[in-house]
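As structure tokens, the structure follows; a few thoughts come after it.
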Amino acid sequence: MHDISALIITLFFGVHIYLTVFHPSERASFNAMATGYMDSEYAEHHHEIWYNEVQEQDEHNEQQLQPESKSYTV
């Protein structure tokens with residue numbers, strides 16, 4: 001059981017190394033793990049639900065920061 005688990009973990013580790021080193025579109029995820037920042041296009045394509053939540057939160061924050069326009073009647 002231990003040998004099989006070690007083999008499976010090693011295979012998964014190898015696939016992840018391959019994706020981060022040799023697959024150009026996956027390098028953004030490696031950079032995100034190292035820096036904490038992710039390109040918005042990559043996030044939208046690979047993590048759409050999370051991206052949409054962040055976009056909605058940003059829009060909500062922008063609306064709160066904008067001063068309310070007051071209309072006056074004469």
Side-chain angles (χ1 to χ4, degrees):
M1 185 67 169
H2 184 265
D3 294 338
I4 294 171
S5 298
L7 179 63
I8 291 171
I9 290 173
T10 302
L11 289 174
F12 278 109
F13 183 74
V15 168
H16 281 88
I17 294 297
Y18 168 78
L19 286 175
T20 57
V21 173
F22 297 111
H23 202 278
S25 67
E26 296 298 323
R27 288 194 183 143
S29 63
F30 181 74
N31 292 337
M33 288 186 283
T35 64
Y37 295 98
M38 180 178 285
D39 182 40
S40 63
E41 291 176 10
Y42 181 87
E44 184 177 15
H45 185 265
H46 290 281
H47 307 284
E48 186 176 355
I49 294 171
W50 172 71
Y51 176 81
N52 291 336
E53 289 175 3
V54 170
Q55 288 298 103
E56 288 175 10
Q57 185 179 17
D58 286 348
E59 290 174 5
H60 179 72
N61 290 341
E62 284 181 13
Q63 289 175 355
Q64 287 184 342
L65 292 176
Q66 292 177 353
E68 294 182 22
S69 61
K70 297 179 181 179
S71 60
Y72 298 101
T73 57
V74 179

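Every value quoted in this text rests on a predicted model; they were computed, and no experiment measured them. Just the heavy atoms: all of them, side chains too, but no hydrogens, waters or symmetry mates, feed the values below.
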Between side-chain atoms of residues 39-46 and protein atoms elsewhere (two or more places apart, or another chain), which donor-acceptor pairs fall under 3.5 Å?
from  : atom 1 : to    : atom 2 : distance (Å)
Tyr42 : OH     : Glu26 : OE1    : 2.9

Inset, instruction - Only counting residues at least two apart or in another chain, list the ones meeting side-chain contact (heavy atoms from CB on, under 4.5 Å) with Gln55. - result: Tyr51, Asp58

Inset, instruction - Quick one: pull up CZ in Phe22 and CD1 in Ile17 and give me the separation to the nearest 0.5 Å. - result: 9.5 Å

Inset, instruction - Indicate, with yes or no, if Tyr18 and Phe13 share a hydrophobic cluster defined by side-chain heavy-atom contacts under 4.5 Å among Ile, Leu, Val, Met, Phe, Trp and Tyr. - result: yes

Inset, instruction - Kindly check if the number of other-residue, nucleotide or ligand heavy atoms within 6.0 Å of CG (Leu11) is above 12? - result: yes

Legend entry - Partner set under side-chain contact (heavy atoms from CB on, under 4.5 Å) for Ile8, not counting sequence neighbours: Ile4, Phe12

Inset, instruction - Give the ring-plane orientation class for Trp50 versus His47, where under 30° counts as parallel, over 60° as perpendicular and anything between as tilted. - result: perpendicular

Inset, instruction - Measure the NE2-CD distance between His60 and Gln57 for me, rounded to the nearest 0.5 Å. - result: 8.5 Å

